[in-house]
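As the structure is a computational prediction, the values presented were derived from the model and not from experiment.
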Amino acid sequence: ERGFPELLDTGGRVCHCDHHRVTPLNDTVSIFFSFVTNPAMLDLRKLRLTFTFFNLKPSLNPRFHSTTKTSLQLQPKPKLPSKSTVKEAQAALLDYLHSTRSLQFLDADNMCKNSPFFIQTLVEKTLKNEKLVNPKRLISRYLRYHPINEFEPFFESLGLKPSEYAPLLPRDLIFLNDDPLMMENYHTLCNYGVPRSKIGKIFKQATEVFRFENGVLNLKIKAYEKLGVSSSVLVNAVAVSPGLLVGDVNVDFVEVVDMLKDIVAKGGDGGDVDSGWIKWGFLDEVSCNWGLMLELLCLLSDAGFSKEQLAEIIRRSPCIVFEDSGGRTLSMIGFLTKFGLSVNQIALVFLEFPQIRMVKFLANLRVCLQLLTEIEMEAVEIGKIFQSHTLFIGSYTLKTTKSLLGCLNVGKKRLCAIVQENPHEMKNWILGRRVKPLVSLREEEEEKSKAGKTEFLLRLGYVENSKQMNTAFKVFRGKGAELQERFDFIVNAGLTRDDVCRMIRVSPQILNQTTDRVKMKIEYLIKKGYSVSDLVSFPSYLSYKSLRVKHRLSMYNWLIDNGAVEPGLALSTIVACTDRIFLQSYVNRHPSGLQVWEELQKEIHCED
């Protein structure tokens, strides 16, 4: 009740129906009842027997974790037989299959040399001690009294693993010669040139081939040869596509071979299809689809490629045509057409296709699409990037969006702007390449401003990294373009470029004024009777506040009009001195000077 409540009914009693079903031994039943009624008096050793009978594991009951050890300990892996023992076993099996079972020598020899799992099992059954002398004699004696299932080493020698050939084993046969129809078709394939290691795939995918009546398989092979398919091409084709031998002639396969022969003949280097133009390794990876390959070849021909160009594509990048029977390429074409590319535009990519697999190229395109989508780029902009940079995008695997945002230390909006401005920047974000953080927008603006200022000062005649240039650099405020605009405005006011350059060297802060303020001060200066050329001797005039300039010049003109001062004072004398000196030296000369000074001050403040 405490340890196994599932064995009790709802009333807490032992389920009798379970007793009669699982306890044919009285001892086991009594042990079980003892456990239910009084667990403390139970012998653990007997209890383990009960668990074994009921298919229950003591290790699953927490009651026994601290008192018993699990019996399900991992067994050590069996020791592999030595090379010499394997050779002896192969020799014994060859002698048995050829001499005793009367199999052809080539068949028996292939079975012995290419069935390592079966040989290992045979050695484990017959030889308990590796140090025994003459293992060949012991294995031969074992085989004499223990006939083996010959289909097991036979299927394994054809390239199938035990888990693959298990469903193919006949139920009522163990000797190969008892299935003469299978052996006849097997020998037909071998004699035609199909490698024995490839015939296992034919057994898996087209078992009915080995049930053909005598002569039928030969007729199918001759039917392909009459249509122009050479024996070497057919041998490889059957090995990768066993379905060619089932049913009628595969017209798609014949047309593919004819198209390839035509391409190689007109655009190749003098070879033929038999000389390695068809890359059977790609076709052997998955089930071959000749109809799909024919569709791709027709599509490439309709795209305007010449035979020479098609031959060059197949020679440089055979994965375009043969990988997944061209299915990957058709998928890529369908993928890119969604971004507005025409088939002719996509076909041009094949002429410069990188040395990678098509499945990798397509995966790279999808990774890039995911990146651009996750940084919230507009669909139209994504289409433009894919249209103009297809080859580059498919050639490299980019980092994930999360990784890029962290490494570059930017947000989605800025990352999107960077890609739109220069898509080739993504070359620096390839998977496995170290990515440096980007400077912040503020730092970037500062760098641009510094570069602009430096360029402006060099145009003015400053020596780079000189003390004067460093001093002027600290004084100037604004971007290089803004400083150039203010400089040009002062020049256009009626001064020469050399005059303005001298003014800036004396008083660089004059360029910190906006053009509107500079214009107002120059106009006021001219209004009060001065000329623009007076700025050359006193450029700092442009640096003073407009209130001060207006107040001083207005007061000075009033003093002239009232005969308190003589005209012709230098501009620097009027503007640069302090208020106290200006009042003592000029304003106080007239009895009403101080009053007028204050009235002008109020008036000017009101105007501004």
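By the salt bridge (Lys or Arg N to Asp or Glu O under 4.0 Å) test, R211 is found to be paired with D179, residues two or more places apart in sequence or in another chain being considered.
Using modelled atom types and a 3.5 Å distance limit, the side chains of E156 and S115 yield no donor-acceptor pair. Using a 3.5 Å distance cut-off with no hydrogens or angles, the side chains of T401 and K412 do not pair a donor with an acceptor. Side-chain N/O atoms of R196 and Y186 include a donor and acceptor closer than 3.5 Å. Side-chain contact annotation: W290 with S241, donor-acceptor N/O pair under 3.5 Å present. Side-chain N/O atoms of T400 and S403 include no donor and acceptor closer than 3.5 Å.
Judged by distance alone, with hydrogens and angles left aside, the side-chain atoms of Q345 form a donor-acceptor pair with the main-chain N or O of S342 at under 3.5 Å. Looking only at distances, no side-chain donor or acceptor of Y165 sits under 3.5 Å from a matching main-chain atom of F151. Put simply, the side chain of T373 gets close to the backbone of L369: a donor and an acceptor are under 3.5 Å apart. Between the side chain of E421 and the backbone N or O of I418, no donor-acceptor pair lies under 3.5 Å. One N or O on the side chain of E323 and one on the backbone of M358 form a donor-acceptor pair closer than 3.5 Å. Counting only distance, with no hydrogens or angles, the side chain of N236 and the backbone of S232 share a donor-acceptor pair below 3.5 Å. Side-chain N or O atoms of K399 include one that pairs as donor or acceptor with a backbone N or O of R433 at under 3.5 Å. Although no hydrogens or angles enter the test, the distance criterion places no donor-acceptor pair under 3.5 Å between the side chain of Y192 and the main chain of I221. Although no hydrogens or angles enter the test, the distance criterion places no donor-acceptor pair under 3.5 Å between the side chain of H98 and the main chain of L94. Checked by atom type and distance alone, the side chain of N364 pairs as donor or acceptor with a backbone atom of G394 at under 3.5 Å.
Atom CD of E381 sits in a crowded spot, with more than 12 heavy atoms from other residues, nucleotides or ligands closer than 6.0 Å. Other residues, nucleotides and ligands contribute over 12 non-hydrogen atoms within 6.0 Å of the CG atom of N191. Within 6.0 Å of CZ in F175 there are more than 12 heavy atoms belonging to other residues, nucleotides or ligands. The neighbour count for Q355 CD, taken as heavy atoms of other residues, nucleotides or ligands under 6.0 Å away, is above 12.
In terms of heavy-atom proximity, L371 sits nearest to L398 at CD2-CD1, 3.7 Å. In terms of heavy atoms, L176 sits closest to M183 at O-CG, 3.6 Å. Nearest approach of K201 to L160, heavy atoms of both residues: N-CD2, 4.4 Å. Minimum interatomic distance between F339 and I382 (heavy atoms only, all atoms of both residues): CE2-CG2, 3.8 Å. The minimum heavy-atom distance between P195 and V235, with the atom names listed, is CD-CG1, 4.1 Å. Contact between N344 and A303 at its shortest, heavy atoms only, is OD1-O, 3.2 Å.
Taking CZ of R137 as the reference point, atom OG1 of T126 lies at 12.0 Å (rounded to 0.5 Å). Interatomic distance, CG of N114 versus CZ of F154, reported as 12.0 Å (0.5 Å rounding). Rounded to the nearest 0.5 angstrom, K125 NZ and I139 CD1 are separated by 12.5 Å. Atom CE of M182 is separated from atom CG of L173 by 9.0 Å, given to the nearest 0.5 angstrom. Here Q205 contributes atom CD and C288 contributes atom SG; the two are 10.5 Å apart, rounded to the nearest 0.5 Å. Taking CD1 from I313 and CD1 from I320, the interatomic distance works out to 5.5 Å, rounded to the nearest 0.5 Å.
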So E208 and V246, side-chain contact (heavy atoms from CB on, under 4.5 Å) or not? Walk me through it.
CA-CA 8 Å; E208 54 266 50; V246 180; 3.5 Å; yes

Does the side-chain contact (heavy atoms from CB on, under 4.5 Å) test come out yes or no for C416 and Q420, once each step is laid out?
CA-CA 6 Å; C416 181; Q420 288 181 238; 3.1 Å; yes

Go through K161 and E164 one step at a time and tell me if the salt bridge (Lys or Arg N to Asp or Glu O under 4.0 Å) criterion holds.
CA-CA 5 Å; K161 297 178 182 179; E164 293 176 319; 5.9 Å; no

Derivation of the side-chain hydrogen bond (donor to acceptor under 3.5 Å, both in side chains) call for K307 and S301
CA-CA 8 Å; K307 302 299 182 184; S301 298; 4.9 Å; no

Show, in sequence, the C-alpha distance, side-chain angles and deciding distance for L404 and V410, and conclude whether the side-chain contact (heavy atoms from CB on, under 4.5 Å) test is met.
CA-CA 8 Å; L404 273 179; V410 296; over 6 Å; no

Stepwise, does the side-chain contact (heavy atoms from CB on, under 4.5 Å) test hold for F212 with L219?
CA-CA 11 Å; F212 288 157; L219 291 176; over 6 Å; no

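When side chains are defined from C-beta on, M377 counts as touching I385, because their heavy atoms get closer than 4.5 Å. A 4.5 Å side-chain heavy-atom check between L106 and N110 finds every atom pair outside the cut-off. When side chains are defined from C-beta on, N177 does not count as touching E150, because their heavy atoms never get closer than 4.5 Å. Within the 4.5 Å cutoff, the side chain of Q104 has heavy atoms near those of the H187 side chain. By the 4.5 Å heavy-atom criterion applied to side chains, C190 and I199 are counted as neighbours. L336 places none of its side-chain heavy atoms less than 4.5 Å from the side chain of V349. Considering only heavy atoms from C-beta on, V123 stays 4.5 Å or farther from V86 through its side chain. Contact check for P147 versus Y96: side-chain heavy atoms found under the 4.5 Å cut-off.
Between F203 and F155, the two ring planes are perpendicular [angle over 60°; tilted spans 30° to 60°]. Between F386 and F335, the two ring planes are perpendicular [angle over 60°; tilted spans 30° to 60°].
Here D95 does not pair with K136 in a salt bridge; the nearest charged N to carboxylate O distance is not below 4.0 Å. Between E225 and K222, none of the side-chain N atoms (NZ, or NE/NH1/NH2) sits under 4.0 Å from a carboxylate O, so this pair counts as no salt bridge.
Seen from the ring of F392, K427 counts as a face-on cation partner, given the 6.0 Å and 45° thresholds. Taking the ring centre of F353 as origin, the terminal cationic atom of R316 falls outside the region bounded by 6.0 Å and 45° from the ring axis.
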